[in-house]
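For reference, the structure is listed below as structure tokens.
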Protein chains: 2
Amino acid sequence: MVTMRDVAERANVSIATVSFVINGTKPVAPATRARIEAAIEELDYRRNVVARALASSRTRILALLHPDFEARPNATVIQFVMSAAHGARERGYDLVLWPVNDDEQMSHLLAGGLVDGALLMEVQIHDSRVDRLVASRVPFALIGRTDNDDLPYVDIDFATTIDQAVDHLRAFGHERVALVTQRTKAAPGNEPGRIMRAEAAYLDTMAALGRPPAVITVEGTSAGGREAARTLHEDFPDATAVILLNEGASAGLVKGARALGRAVPGDLSIISASTTRELGEMIEPSLTVMAAPAAQLGRLAADALIDQLEGVQDAPPHLLIPCTLVPGQSVGPAPVRP
Amino acid sequence: MVTMRDVAERANVSIATVSFVINGTKPVAPATRARIEAAIEELDYRRNVVARALASSRTRILALLHPDFEARPNATVIQFVMSAAHGARERGYDLVLWPVNDDEQMSHLLAGGLVDGALLMEVQIHDSRVDRLVASRVPFALIGRTDNDDLPYVDIDFATTIDQAVDHLRAFGHERVALVTQRTKAAPGNEPGRIMRAEAAYLDTMAALGRPPAVITVEGTSAGGREAARTLHEDFPDATAVILLNEGASAGLVKGARALGRAVPGDLSIISASTTRELGEMIEPSLTVMAAPAAQLGRLAADALIDQLEGVQDAPPHLLIPCTLVPGQSVGPAPVRP
DNA sequence: CTGAAAGCGCTTACAG
DNA sequence: CTGAAAGCGCTTACAG
């Protein structure tokens, strides 16, 4: 292995000077610099990142803390993860994946000193992992928000997303719009923030319009989607449009509605929010979706965290990005009331 | 920060002895051990992984080298990545994500000394990245195979997968089975191994059955799927079943076949191979799929690499896992010839 | 069974 | 602008 010492010897300088040119930390005379650069080139020297990390007490490694995604693969997750890794890499940082099952394990990992900062996914309104994170004194950014808006976060702007979805449906004449959300294992009132915030935004919008809300909560599966179709049909027969906040139930909802004799979009219009274009195309009729800004969020999260680490920044980042409407064939004019 | 020195002082031993009990590298007297363990507990000491890495010249970090997945999110990818990270973590290793665009960048990263080993995804038959990897002298395992079967790899067993798909279709009376693969940017003859091997397995099977093969190559999009439906209809009108090796084209193929007046599975049976159960459920009629063993492969890859690193192992790992048949509603009896 | 000490390959005040 | 040296927090022969 070629070390900094080898380079220094070949260039006839001290290792300190080599360090200065590699890191640009101090001015070095052009001639000296040239000799050093030549030596680096000739020896094909590459600085050892572990030694650097120990000496500088900065590892330039970021952790992505996430629950176990193996069970329910989600296309937006991979986009988020990959763009975060990509954004980090472009700024000279590495991203390690830390599947964390419990808070204890998380604290242990954080205390090991491997990472300079952490990104936490799937944040809930009350989240003990966030408390641990704060206690660990490792800088971080949340993907999603707790009820403490002062912490650094990036998140989907659900209020704007729901508003736009409702506006889109109202432009087609829909007056009664239902919301289908996802059941989770979380305690009531402590669902993932995305569900609670989207629901709150929906209720606000309905209230502003003077319409009674219709919220249906089902599993994130095809069976859940079918259940939603039945509930909609029986309990809210006058709803002519649905906003889904439940990717996994999308296909089931369409199938279920049809099985009940309701054409899509003839009798029922559907928007699937916070999902991918690909999902929309996968279904017949192609779904109108609000595409989640997963790739953007991944990069923003990495950038926000790195800005914090490098002191490029004053206030903790609070970034909200709405989903993007991608029209498909699942939204049509509201049927005329009989 | 609590260091090993703090623990040593409190327990009245040298730091070497602390290291011995933490790592279990040398026998330590029970009483001494107890004092040290108590000190660790009381100080809430956690060994600094960076210092350990520098001193032991083992970082216990693995790299996952992969092309840019942001563009085309694929559900099997996230399963693979997460299970690899999970498997690594369980054995005390961390997994960093390295999106690599070019060989040069890959070599640079590898030379930094951050990782003990690497996993390379999306391996092609002739793959210059593999040459770089070999040259870097960093231990590795491939996800997929090159034409050099001696290198360590884990891969999907396409031969078995295709055989099982054909068997399944033949049990329903299908005699003429087409294969739809995916067009890539790779040079002809150098497509990702999965495509070439699946095609080879298909051709072998057809030859063994004495049937003329029908291979259609299209983009991995809905449009590609529609194109495949047209080509099938026009060029291979007697094919009554299709095996897809093109996840993105699945929905388009179904839509396209219908648009041409061919019912699924009434007139055309479809199996989508090397994809997810979730994809199958997302389509109407639900697709019969051969689910890719992504989670298994992720864990196996991590384990195989770690086994190599820890010398648990003699021969380089060569692991092949077939996909799993998950029946849906897209396969039915072959239509009777007119 | 335990300790003193060298060393891993860098960075960073400090001095000149 | 450059260098000598301490130090980052561990591991690991080596000696006893």
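To find a chain, count down the sequence lines: A is the first, B the second, and so on, and within it residues start at 1.
Closest to the side chain of A/T17, out of C/dT2, C/dC10, D/dG3, is D/dG3. Checking D/dG3, D/dT11, C/dG9 against every side-chain atom of B/S19, the shortest atom distance belongs to D/dT11. Listed nucleotides: C/dT12, D/dG9, C/dT2. Nearest to the side chain of A/F20: C/dT12. Among D/dC8, D/dT2, C/dG3, the nucleotide with an atom closest to any side-chain atom of B/V13 is C/dG3. Of the candidate nucleotides D/dC10, C/dA5, C/dT12, C/dT12 has the atom nearest to the side chain of A/S56. Checked against D/dG3, D/dC10, D/dG9, the side chain of B/R47 finds its nearest nucleotide in D/dC10.
Without hydrogens or angle criteria, A/H86 side chain to B/P99 main chain gives no donor-acceptor distance under 3.5 Å. The backbone N or O of B/T76 lies less than 3.5 Å from no partner atom in the side chain of B/T276, so there is not a single donor-acceptor pair.
The stretch residues 25-46 of chain B comes close to DNA chain D through B/K26, B/Y45, each having a heavy atom under 4.0 Å from the strand. Looking at residues 1-9 of chain B, you'll see B/M1, B/T3, B/M4 sit with a heavy atom under 4.0 Å from some atom of DNA chain D.
Nearest heavy-atom pair across B/A11 and B/R35 is O-NE, 2.9 Å.
Both A/A16 and B/N48 lie close to DNA chain D; mapped to their nearest nucleotides by heavy-atom distance, the more 5′-ward contact belongs to A/A16.
Within a 6.0 Å sphere centred on CZ of A/R5, heavy atoms belonging to other residues, nucleotides or ligands number 12 at most.
C/dC10 atom P lies 16 Å from atom CZ of A/R60, rounded to whole Å. A/R52 places its CZ atom 14 Å from the C1' atom of C/dT12, with the value rounded to the nearest Å. The separation between B/I15 atom CD1 and C/dG3 atom C1' is 10 Å, rounded to whole Å. Taking atom CG of B/L54 as the reference point, atom C1' of C/dC8 lies 4 Å away to the nearest angstrom. Distance CG (A/N12) to P (D/dT2): 12 Å, rounded to an integer number of Å.
C/dA13 is unpaired under the criterion used here, namely a Watson-Crick or G-U wobble arrangement in which both key atom distances are under 3.5 Å. Summarising the base pairing, D/dA4 is matched to no nucleotide, lacking a Watson-Crick or G-U wobble pair whose two defining distances lie under 3.5 Å.
A salt bridge links A/D307 to A/R91: one of the charged nitrogens lies within less than 4.0 Å of a carboxylate oxygen.
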Under the side-chain contact (heavy atoms from CB on, under 4.5 Å) criterion, do B/V123 and B/Y153 qualify, and how do the steps go?
-> CA-CA 10 Å; B/V123 171; B/Y153 66 75; over 6 Å; no
Check against side-chain contact (heavy atoms from CB on, under 4.5 Å), A/H66 and A/V100 | CA-CA 6 Å; A/H66 58 85; A/V100 287; over 6 Å; no
side-chain contact (heavy atoms from CB on, under 4.5 Å) between B/I321 and B/V154, worked out | CA-CA 8 Å; B/I321 316 286; B/V154 305; over 6 Å; no
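How far CZ of B/F140 is from CG of B/L119: 11.0 Å, rounded to the nearest 0.5 Å.
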